[in-house]
S.K.: 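One structure is given below, represented as structure tokens, and several questions about it will come after.
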Amino acid sequence: MKFQAAVVTGASAGIGEALAVQLAEQKTNLLLVARNQTRLEALAQHLKNKYKVECHVLAADLSKAGEARRVREWCEQNKFPVDALINNAGIGQWGELDKKNLVANLATIDLNVRGLTELTGEFFPLLKQRPSAVLHVASTAAFQAIPTFAVYAATKAYTLSFSRALHHEWKAHGISVTALCPGPTKTEFMSKAHISHLDKLAEIFSMDAASVARVGLKGLAQKKREVIPGFLNWLTSKIVQFAPRTPSEIVSGKFFR
Ligand SMILES: NC(=O)c1ccc[n+]([C@@H]2O[C@H](COP(=O)([O-])OP(=O)(O)OC[C@H]3O[C@@H](n4cnc5c(N)ncnc54)[C@H](OP(=O)(O)O)[C@@H]3O)[C@@H](O)[C@H]2O)c1
């Protein structure tokens with residue numbers, strides 16, 4: 001499946017940027033969404049020059065109610081024929097849940113859960129107009145509870161469950177829905193989430209954003225329900241799903257601490 005026009009959230013960095021680049025390579029026109037307009041514009045200019053695609057930018061804070069509607073309205077007003085929605089924007093906050101980091105954790109829920117759901121719902125009327133696809137970027141954190149990364153893991157469990165349910169629900173409307181579950185990936189995510197103490201370990205196990213994006217887009221084109229990039233990530237996800245939950249939660253808590 002080749003796409004005509006895609007909306008990519010969190011396109012100003014990391015996995016979202018890699019997804020945008022690879023979609024442009026495939027000659028898909030793009031609307032890039034994130035908060036940092038300067039970074040979005042620089043990427044858009046690069047993609048327009050290199051791949052000769054239409055590339056628009058819209059600065060939006062998707063953790064805020066109503067911003068998703070603004071993205072949908074932009075597409076309608078500009079007659080942008082969206083057939084791929086890439087719900088990639090996401091944040092995390094490492095550390096034990098306490099009053100100090102409550103605000104950051106609530107912001108994580110606002111973006112990873114509420115914002116993602118709002119954007120998906122807003123786009124339903126546009127997506128059902130033609131054969132379309134939705135990619136939700138979850139995480140291998142979706143497969144287990146993670147002490148010290150509790151809220152983030154829970155938001156990704158939500159993303160995965162929501163995505164898998166919509167995969168069935170929206171089939172009848174010609175919309176395929178795929179969840180991408182990356183493991184550690186070399187982006188700005190770890191430092192923003194304050195998990196820099198795992199940098200050395202992550203360096204060994206991390207995939208690069210381009211490889212993760214490639215697996216995601218292949219899964220999207222093949223209308224897969226769920227894709228996990230990298231053999232090690234796939235294996236550990238399967239082990240975690242079938243192993244008794246308490247020991248795997250204790251191990252993951254020790255790993256992240
Ligand atoms: N890196 C990993 O190890 C890893 C592993 C598994 C899953 N993931 C998931 O992959 C996705 C992409 O993360 P990444 O690793 O590429 O991280 P990243 O490099 O930090 O990129 C995150 C993107 O989300 C955007 N964003 C953050 N807050 C936003 C908001 N309120 N509204 C709109 N956009 C916002 C950021 O742009 P602005 O700051 O310009 O808004 C940026 O473009 C996330 O959902 C993350 O949970 C990452």
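Whatever order the structure lists them in is the order used to number ligands and atoms, beginning at 1. Because only heavy atoms are used, hydrogens play no part in the values below, and waters and symmetry mates are left out as well, while side chains stay in.
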S.K.: Would you mind checking if E67 and R70 are paired as a salt bridge, meaning a charged N to carboxylate O distance below 4.0 Å?
M.R.: yes
S.K.: Taking non-hydrogen atoms within less than 4.0 Å of ligand 1, which protein residues qualify?
M.R.: G10, A11, S12, A13, G14, I15, A34, R35, N36, A60, D61, L62, S63, N88, A89, G90, I91, L111, V137, A138, S139, Y152, K156, P182, G183, P184, T185, T187, E188, F189, K192
S.K.: Hey, would you say the F256 and W94 ring centroids sit under 6.0 Å apart?
M.R.: no
S.K.: Is it true that atom NZ of K2 has more than 12 heavy atoms of other residues, nucleotides or ligands lying nearer than 6.0 Å?
M.R.: yes
S.K.: For V177, run the side-chain contact (heavy atoms from CB on, under 4.5 Å) check against T120, L127, V134 and tell me which one passes.
M.R.: V134
S.K.: Taking the side chain from T185 and the backbone from G183, do they hold a donor-acceptor pair closer than 3.5 Å?
M.R.: yes
S.K.: Side chain of N88, backbone of G10: donor and acceptor closer than 3.5 Å?
M.R.: yes
